[in-house]
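The model shown is predicted, which means the values in this text are computed figures rather than measured ones. These numbers come from the heavy atoms of this one structure, side chains and all, not from hydrogens, waters or symmetry mates.
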Amino acid sequence: MRYNLINGLSPGTVVCIHGLSSSANVFRDFLSVKDFPYSRIAIELPGHSIDTENNNESAYILSSQIEKLSAFFNQIDDDILLVGNSYGG
């Protein structure tokens, strides 16, 4: 799964998920905020925007996305605040 990561200095990670027919770019202003203490991740959902590896019909199946997101979240060794936009919320 592709994502943009900005490391913070304080414990805690904000994970952003975009909506259908969108991309992680909707969070670019948030990622560019200076002096934000927490790490920030903007996930590129499978089959969206720059993700050409998973650009097939199965990438849009909700259960497939849930499985991939769950595996991704389990790799984060930090408290997570989840932020969504559209169906990402």
Side-chain angles (χ1 to χ4, degrees):
M1 183 170 296
R2 296 179 188 266
Y3 58 92
N4 298 314
L5 168 65
I6 306 296
N7 287 310
L9 300 175
S10 297
T13 300
V14 179
V15 178
C16 303
I17 303 175
H18 65 79
L20 185 64
S21 299
S22 187
S23 73
N25 286 335
V26 299
F27 299 105
R28 72 176 163 253
D29 289 343
F30 174 60
L31 295 179
S32 67
V33 171
K34 303 289 184 214
D35 300 323
F36 191 81
Y38 310 108
S39 294
R40 291 162 281 169
I41 298 173
I43 294 174
E44 194 69 65
L45 289 173
H48 291 76
S49 188
I50 62 171
D51 181 17
T52 56
E53 295 172 11
N54 295 299
N55 205 4
N56 58 56
E57 205 172 295
S58 65
Y60 298 97
I61 297 172
L62 190 56
S63 60
S64 174
Q65 290 190 2
I66 289 170
E67 184 179 303
K68 289 178 181 179
L69 286 169
S70 180
F72 183 83
F73 295 149
N74 287 332
Q75 294 178 21
I76 299 173
D77 187 27
D78 202 355
D79 290 333
I80 296 173
L81 173 66
L82 189 59
V83 174
N85 173 261
S86 183
Y87 91 150

To the nearest 0.5 Å, how far apart are [atom1] in [X] and [atom2] in [Y]?
| X | Y | atom1 | atom2 | value |
| --- | --- | --- | --- | --- |
| Ile43 | Leu69 | CD1 | CG | 5.0 Å |
| Ser23 | Asn85 | OG | CG | 10.0 Å |
| Gln75 | Asp77 | CD | CG | 11.0 Å |
| Leu81 | Ser39 | CG | OG | 12.5 Å |

Exercise. Does Ser32 reach the main-chain N or O of Asp29 with its side chain, forming a donor-acceptor pair under 3.5 Å?
Worked result: yes

Exercise. Would a distance-only check, ignoring hydrogens and angles, find a side-chain to backbone donor-acceptor pair under 3.5 Å from His18 to Asn25?
Worked result: no

Only pairs under 3.5 Å count here: list side-chain donor-acceptor contacts from residues 7-16, not counting sequence neighbours, and write none if there are none.
| from | atom 1 | to | atom 2 | distance (Å) |
| --- | --- | --- | --- | --- |
| Thr13 | OG1 | Asp78 | OD2 | 2.9 |

Exercise. In chain order, what residues pass the ring pair (Phe, Tyr, Trp, His ring centres under 6.0 Å) check against Phe36, with sequence neighbours excluded?
Worked result: Phe30, Tyr38

For this session: Scan Val33, Val83, Leu5 and name whichever one has a side-chain contact (heavy atoms from CB on, under 4.5 Å) with Arg40.
Result: Val33

Problem set entry | Other residues, nucleotides, ligands: >12 heavy atoms within 6.0 Å of Asn74 CG | yes

For this session: Of all the heavy-atom pairs spanning Phe73 and Ile17, show the shortest one and how long it is.
Result: CZ-CD1, 3.9 Å

